[in-house]
Amino acid sequence: MTVFGQHQTFTSMPKHMLLAYVDGADLHEIADSLEERLVDLAKEGGWRVTAPVVVNQRGSEHGLCAGDLPSWDLGLNLSLPDVGREPEGWFLDVERIARLMGRLHGQYKRDFIISIADIATGISEDLFAVESDVPDLALLRKVIGVEPPEGK
């Protein structure tokens with residue numbers, strides 16, 4: 001497993017994580033280039049809460065049927081603030097990731113899935129698919145349960 005990102009220090013462990021991963025397991029032709037783009041974003045400054053962490057992890061081939069590909073997790077993990085304790089503008093980090101996923105969709109012609117994971121249980125739920133170059137950020141806000149900024 002390869003993980004990239006800035007060192008993160010938490011006063012308490014986050015309860016939820018945003019996951020933004022490319023959909024599919026047939027990533028051999030694009031994995032290196034895609035990972036570079038994700039690392040570039042993670043290294044940029046200006047994150048409101050914490051920088052995302054890049055994940056590039058392939059599943060085991062053990063037990064697969066002939067012709068099946070192992071799972072491949074390639075994308076970003078972003079620690080989310082606890083509900084009710086969100087700093088001003090925290091959702092801009094989520095929108096920034098969604099916009100990158102849209103640009104990557106345009107470049108690689110692949111869909112990206114945005115999910116929320118509960119850290120304690122390890123259960124994640126797919127909430128939003130980035131299936132175009134310009135993701136619907138209003139819909140993303142709605143499915144995550146965030147009110148739009150005032151005046152919008």
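Only heavy atoms go into these numbers, but all of them, side chains included; no hydrogens, no water, no symmetry mates.
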Using every non-hydrogen atom in the two residues, find where L41 and W47 come nearest and quote the distance to one decimal.
O-CZ2, 3.4 Å

Run the side-chain contact (heavy atoms from CB on, under 4.5 Å) check on R110 and L34 step by step: do they pass?
CA-CA 11 Å; R110 299 295 187 107; L34 178 56; over 6 Å; no

Hey, quick one: are I113 and V54 part of the same hydrophobic cluster, counting side-chain heavy atoms closer than 4.5 Å, chains of contacts allowed?
no

Smallest heavy-atom separation, S79 atom then T50 atom, equals CB-OG1, 3.9 Å

Shortest non-hydrogen contact between H105 and E131, atoms and distance
NE2-O, 3.2 Å

By the definition side-chain contact (heavy atoms from CB on, under 4.5 Å), identify the one residue from L127, D136, D126 that meets it with V143.
L127

Roughly how far apart are R96 CZ and L78 CG, rounded to 0.5 Å?
10.0 Å

Evaluate the criterion side-chain contact (heavy atoms from CB on, under 4.5 Å) for residue pair M101 and L76; output intermediate values, then yes/no.
CA-CA 10 Å; M101 297 300 137; L76 296 170; 3.7 Å; yes

Just how far is it from atom CG of D40 to atom CD of E36, taken to the nearest 0.5 Å?
7.0 Å

Is a side-chain donor or acceptor of E86 paired with a backbone partner of G84 at a separation under 3.5 angstrom?
yes

Without swapping roles, check the side chain of D93 against the backbone of V49 for a donor-acceptor pair under 3.5 Å.
yes

Candidate pair R48 and E88, rule salt bridge (charged side-chain N to carboxylate O under 4.0 Å, His left out), full reasoning:
CA-CA 8 Å; R48 304 287 176 141; E88 176 101 18; over 6 Å; no

Shared ILVMFWY cluster between L140 and V134, side chains joined below 4.5 angstrom?
no

Quick one: pull up CZ in F128 and CD1 in I116 and give me the separation to the nearest 0.5 Å.
12.0 Å

Point-to-point distance, once rounded to the nearest 0.5 Å, from CD of E35 to CG of L74
6.5 Å

Test I114 against V130 for side-chain contact (heavy atoms from CB on, under 4.5 Å), laying out the working first.
CA-CA 8 Å; I114 295 179; V130 178; 4.1 Å; yes

Is there a path of hydrophobic side-chain contacts, each under 4.5 Å between heavy atoms of I/L/V/M/F/W/Y residues, joining L92 to M17?
no

Steps toward side-chain contact (heavy atoms from CB on, under 4.5 Å) verdict (L38, L104):
CA-CA 9 Å; L38 297 172; L104 295 174; 3.9 Å; yes

Pairwise side-chain contact, V146 with W90, heavy-atom cut-off 4.5 Å (strictly under)
yes

Rounded to the nearest 0.5 Å, the CG atom of L137 sits from the CD1 atom of I144 at a distance of 10.0 Å

Donor-acceptor under 3.5 Å (D111 side chain, D23 main chain)
no

Check the hydrophobic clustering (I, L, V, M, F, W, Y; side-chain heavy atoms under 4.5 Å; chains of links allowed) and say if V55 and I119 are grouped together.
yes

Smallest heavy-atom separation, P52 atom then A42 atom, equals O-CB, 3.5 Å

Between W72 and N56, do the side chains contain an N or O donor and an N or O acceptor separated by less than 3.5 Å?
yes

Ignoring hydrogens and geometry, is there a side-chain-to-backbone donor-acceptor pair from D118 to T121 under 3.5 Å?
yes

Donor-acceptor pair between S115 and Y21 side chains, under 3.5 angstrom:
no

How many angstroms lie between atom CG of L80 and atom CZ of R85, to the nearest 0.5 angstrom?
14.0 Å

